[in-house]
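Some notes on the structure that comes next.
When a ligand or atom number is given, it counts from 1 through the structure's own listing order. As the structure is a computational prediction, the values presented were derived from the model and not from experiment.
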Amino acid sequence: MNIESSSSLKQFNTLAIDAVAEYFAQPVTMKEVAECLQFARIRNLPVKVLGGGSNVVMADHIPGLVLMYRAQECEVLHQTESEVTVKVGAGYDWHQFVLESLSRGWYGLENLAYIPGTVGAAPVQNIGAYGVEVKKFIKSVNGIYLSDGQDFCLSAQQCGFGYRESCFKDELDGKVLITSVEFTLSKIADVQIGYAPLGKMAKEKGVPTPAQLAQWVIEVRESKLPNPAKLPNAGSFFKNPVVTKEEYLNLLSKYPEMPSYAQDDGIKIPAGWLIDELGLKGVSFGEIKVHEFQALVLVNEGGNAEAVLKAAQNITGAVMKTFHIELEQEPRLFI
Ligand code: FAD
Ligand code: NAP
């Protein structure tokens with residue numbers, strides 16, 4: 001097993017931070033993972049797990065061993081006329097899995113097309129887009145504890161999924177390597193076109209097939225979101241805040257144009273709108289720029305984690321001062 005020392009992770013994080021890992025390995029098999037864990041144990045090194053690096057802010061120097069697990073199996077476990085259960089390796093590219101599932105007539109993931117990253121990271125923040133969250137399709141998550149290599153299998157219910165949340169960001173944070181995810185997908189199309197851009201396209205073109213819907217999602221995303229390969233970014237930098245009805249009514253009286261969406265636990269206000277309302281679109285904080293068309297995305301123009309976090313602090317401070325809303329950062333610190 002090749003374990004590199006002083007390895008640059010610049011190409012492995014979409015913010016393109018020039019981070020250096022003390023040690024870095026890309027195991028493909030469980031035997032290789034075990035070798036890596038043994039290597040770390042002997043040297044008393046912390047072990048950190050990286051997927052595609054599209055939701056992390058990396059420190060300049062990352063002590064310990066960074067593991068990027070590459071297994072990419074896609075195995076059918078069970079199927080009936082109406083649904084299929086598949087087990088997918090954590091290293092499988094998420095978008096490729098969405099396309100693969102559609103090509104095999106397995107439906108449900110179409111709204112989640114074009115999200116960067118790996119299958120293994122999808123449960124970590126319960127990825128979501130256009131009104132669909134991955135938790136709906138997850139049957140179970142398999143992995144091992146980094147401390148002793150013991151394996152586990154958690155049912156979807158045990159994963160504690162919430163809005164961009166799960167137990168992997170909470171009590172299991174930094175403690176496990178997810179090795180595969182089991183999904184149950186439908187063989188019957190049921191397209192979700194509730195979000196405005198998709199609804200508008202359906203009005204113009206008719207109700208799409210799941211594959212067409214995935215294509216629409218790709219088109220909308222390509223037109224709105226900066227490509228990290230050209231403009232390094234980590235997607236939405238802040239989660240959308242959910243406020244109480246009282247807070248919402250108070251804000252609405254001052255900002256009648258403010259968009260909002262009712263949720264079970266309160267009212268969701270788009271964080272991008274709050275930042276845009278402050279006139280911060282296109283504004284730079286040192287090497288970090290608020291994207292010109294999408295205020296929720298921070299583009300890195302050569303800065304490091306410190307620069308990113310400083311810019312984020314400026315933005316959260318301004319939002320707090322004007323709207324009395326605390327924005328929560330979405331990408332995870334990788335240190
Ligand atoms: P990484 O960034 O590498 O890791 C994220 C976290 O998961 C880290 O804490 C890491 O330690 C942990 N992790 C990763 N793999 C494993 C594993 N195998 N076992 C245990 N822990 C692991 N997110 C959405 O929800 N919806 C979107 O629509 C969306 N759009 C995006 C658009 C752009 C342009 C970008 C750059 C990001 C977007 N994201 C979106 C965020 C990101 O793509 C997702 O969160 C994705 O799931 C991260 O996957 P990754 O493999 O890159 O994870
Ligand atoms: P958008 O359509 O401009 O909408 C702005 C925000 O309003 C979104 O964040 C979305 O919340 C919310 N929203 C819009 N219509 C809604 C509805 N009908 N019901 C409930 N909430 C609604 O958003 P966008 O920036 O182009 O992104 C489109 C989708 O892709 C969103 O779902 C977004 O989460 C996802 N996305 C996520 C990331 C990331 O890094 N996490 C990056 C890019 C895009 P929700 O975010 O809760 O859906």
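- A heavy-atom distance below 4.5 Å is found between the side chains of Leu50 and Phe334.
- Inter-residue side-chain proximity for Pro241 and Lys268 is flagged as unmet; no heavy-atom pair is nearer than 4.5 Å.
- In this structure, the protein non-hydrogen atom closest to atom 27 (O) of ligand 2 is Tyr130 OH, 4.4 Å.
- Counting only heavy atoms, the protein never gets under 4.0 Å from atom 4 (O) of ligand 2.
- Proximity of Tyr163 to ligand 2 is established by a heavy-atom distance of less than 4.0 Å.
- Listed by number with element, the atoms of ligand 1 under 4.0 Å from a non-hydrogen atom of Ala129 are 28 (O).
- The shortest N or O to N or O distance between Gly52 and ligand 1 is below 3.5 Å.
- Using a 4.5 Å heavy-atom cutoff, the side chains of Leu9 and Ile62 are in contact.
- For Asn126, no nitrogen or oxygen atom sits less than 3.5 Å from a nitrogen or oxygen atom of ligand 1, counting backbone and side chain alike.
- Atom 38 (C) of ligand 1 has its closest protein heavy atom at Pro116 CD, 3.8 Å.
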Exercise for review: Tell me, with the steps shown, if Gln26 and Phe12 meet side chain to side chain contact (heavy atoms under 4.5 Å, CB included).
Suggested key: CA-CA 12 Å; Gln26 302 182 56; Phe12 297 121; 4.0 Å; yes
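- Among all protein heavy atoms, the one lying closest to atom 35 (C) of ligand 2 is Ala129 CB, 3.8 Å.
- The atoms of ligand 1 that sit less than 4.0 Å from any heavy atom of Gly53 are 1 (P), 2 (O), 3 (O), 50 (P), 52 (O).
- Contact annotation: the side chain of Cys36 approaches that of Ile3 to within less than 4.5 Å [non-hydrogen atoms, C-beta and beyond].
- Close approach of ligand 1 to Ala234 (heavy-atom distance below 4.0 Å) involves ligand atoms 35 (C), 36 (C), 37 (C).
- Within ligand 2, the atoms closer than 4.0 Å to a non-hydrogen atom of Gly235 are 40 (O), numbered from 1 in the order shown.
- For the pair Arg43 and Phe39, the cation-pi criterion (under 6.0 Å, within 45° of the ring axis) is fulfilled.
- Looking at heavy atoms from C-beta onward, Val84 lies out of side-chain contact with Thr184 at the 4.5 angstrom threshold.
- For the residue pair Glu165 / Gln125, no side-chain donor-acceptor distance below 3.5 Å is found, with atom types taken as modelled.
- What sits closest to atom 8 (C) of ligand 2 on the protein, heavy atoms only, is Asn240 ND2, 3.8 Å.
- Judged by distance alone, the side chains of Glu133 and Tyr163 never bring a donor and an acceptor atom under 3.5 Å apart.
- Below 3.5 Å of separation, one finds an N or O of Val49 facing an N or O of ligand 1.
- Here the side chain of Ser236 pairs no donor or acceptor atom with the backbone of Phe238 at under 3.5 angstrom.
- Listed by number with element, the atoms of ligand 2 under 4.0 angstrom from any heavy atom of Leu225 are 43 (C).
- Of all atoms in ligand 1, numbered sequentially from 1 with element shown, those under 4.0 Å from a heavy atom of Thr118 are 49 (O), 50 (P), 51 (O).
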Exercise for review: Given side chain to side chain donor-acceptor pair (under 3.5 Å), test Thr179 with Asn142 step by step and report yes or no.
Suggested key: CA-CA 6 Å; Thr179 51; Asn142 305 311; 5.7 Å; no
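- In the vicinity of Val176, heavy-atom distances shorter than 4.0 Å reach the ligand 1 atoms 20 (C).
- Using bins of under 30°, 30° to 60° and over 60° for the plane-to-plane angle, the ring pair Phe183/Trp94 lands in the tilted bin.
- In this structure, Gln192 and Leu198 have side chains that are not in contact, with every pair of non-hydrogen atoms separated by 4.5 Å or more.
- Side-chain contact of Gln313 with Thr316: a donor-acceptor pair under 3.5 Å is absent, judged by distance alone.
- Contact annotation: Lys239 has no heavy atom less than 4.0 Å from any atom of ligand 2.
- Aromatic ring orientation, Trp273 versus Phe323: tilted (interplanar angle from 30° to 60°).
- At the top of the distance list for atom 16 (C) of ligand 2, counting protein heavy atoms only, stands Tyr261 CE2, 3.2 Å.
- Taking 4.0 Å as the cut-off, Gln263 does not count as a neighbour of ligand 2 on heavy-atom distance.
- Not one N or O of Ala90 is nearer than 3.5 Å to an N or O of ligand 1, by distance alone.
- At a 4.0 Å heavy-atom cut-off, ligand 2 does not touch Ile115 at all.
- Looking only at protein heavy atoms, the nearest one to atom 36 (N) of ligand 2 is Arg221 NH1, 4.1 Å.
- Nearest to atom 5 (C) of ligand 1 by heavy-atom distance, out of Val134, Val56, Ile144, is Val56.
- Residue contacts with ligand 1, taken as heavy atom pairs separated by less than 4.0 Å, involve Ser54 via backbone and side-chain atoms alike.
- Counting heavy atoms under 4.0 Å from ligand 2, residue Pro270 touches it through the side chain alone.
- Residue-to-ligand polar distances keep Leu177 apart from ligand 1: every N/O pair is separated by 3.5 Å or more.
- Applying the 4.0 Å criterion to heavy atoms of Leu50 picks out, from ligand 1, the atoms 3 (O).
- Within ligand 1, the atoms closer than 4.0 Å to a non-hydrogen atom of Asn55 are 2 (O), 41 (C), 42 (C), 45 (O), 48 (C), numbered from 1 in the order shown.
- The protein non-hydrogen atom at the shortest distance from atom 9 (O) of ligand 1 is Arg332 NH1, 3.4 Å.
- Atoms of ligand 2 found under 4.0 Å from any heavy atom of Lys224, numbered from 1 in the order shown, are 1 (P), 2 (O), 3 (O), 24 (P), 26 (O).
- Closest to atom 39 (C) of ligand 2, if we only count protein heavy atoms, is Ser236 OG, 3.2 Å.
- The single protein non-hydrogen atom nearest to atom 48 (O) of ligand 2 is Tyr195 OH, 2.6 Å, given as residue, atom name and distance.
- In this structure, Tyr92 and Phe97 have perpendicular ring planes: the angle between them is above 60°, well past the 30° mark.
- The closest side-chain donor-acceptor pair between Ser155 and Ser140, if any, does not fall under 3.5 angstrom.
- Considering each of Lys239, His95, Lys48, Arg221, the one bringing a non-hydrogen atom nearest atom 29 (C) of ligand 1 is Arg221.
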Exercise for review: Assess whether side chain to side chain contact (heavy atoms under 4.5 Å, CB included) is satisfied between Glu219 and Tyr114, documenting all intermediate values.
Suggested key: CA-CA 9 Å; Glu219 277 168 33; Tyr114 221 50; over 6 Å; no
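- The heavy atom nearest to atom 14 (C) of ligand 1, out of those in Gly128, Ser236, Ala121, is found in Ala121.
- Residue Gly117 approaches ligand 1 through these ligand atoms, each under 4.0 Å from one of its heavy atoms: 49 (O), 50 (P), 51 (O), 52 (O).
- For the pair Asn304 and Met58, the minimum side-chain heavy-atom distance is 4.5 Å or more.
- Between the side chains of Gln212 and Lys205, no donor N or O sits under 3.5 Å from an acceptor N or O.
- With ligand atoms numbered from 1 in the order given, ligand 2 contributes 39 (C), 40 (O), 41 (N) to contacts under 4.0 Å with heavy atoms of Glu330.
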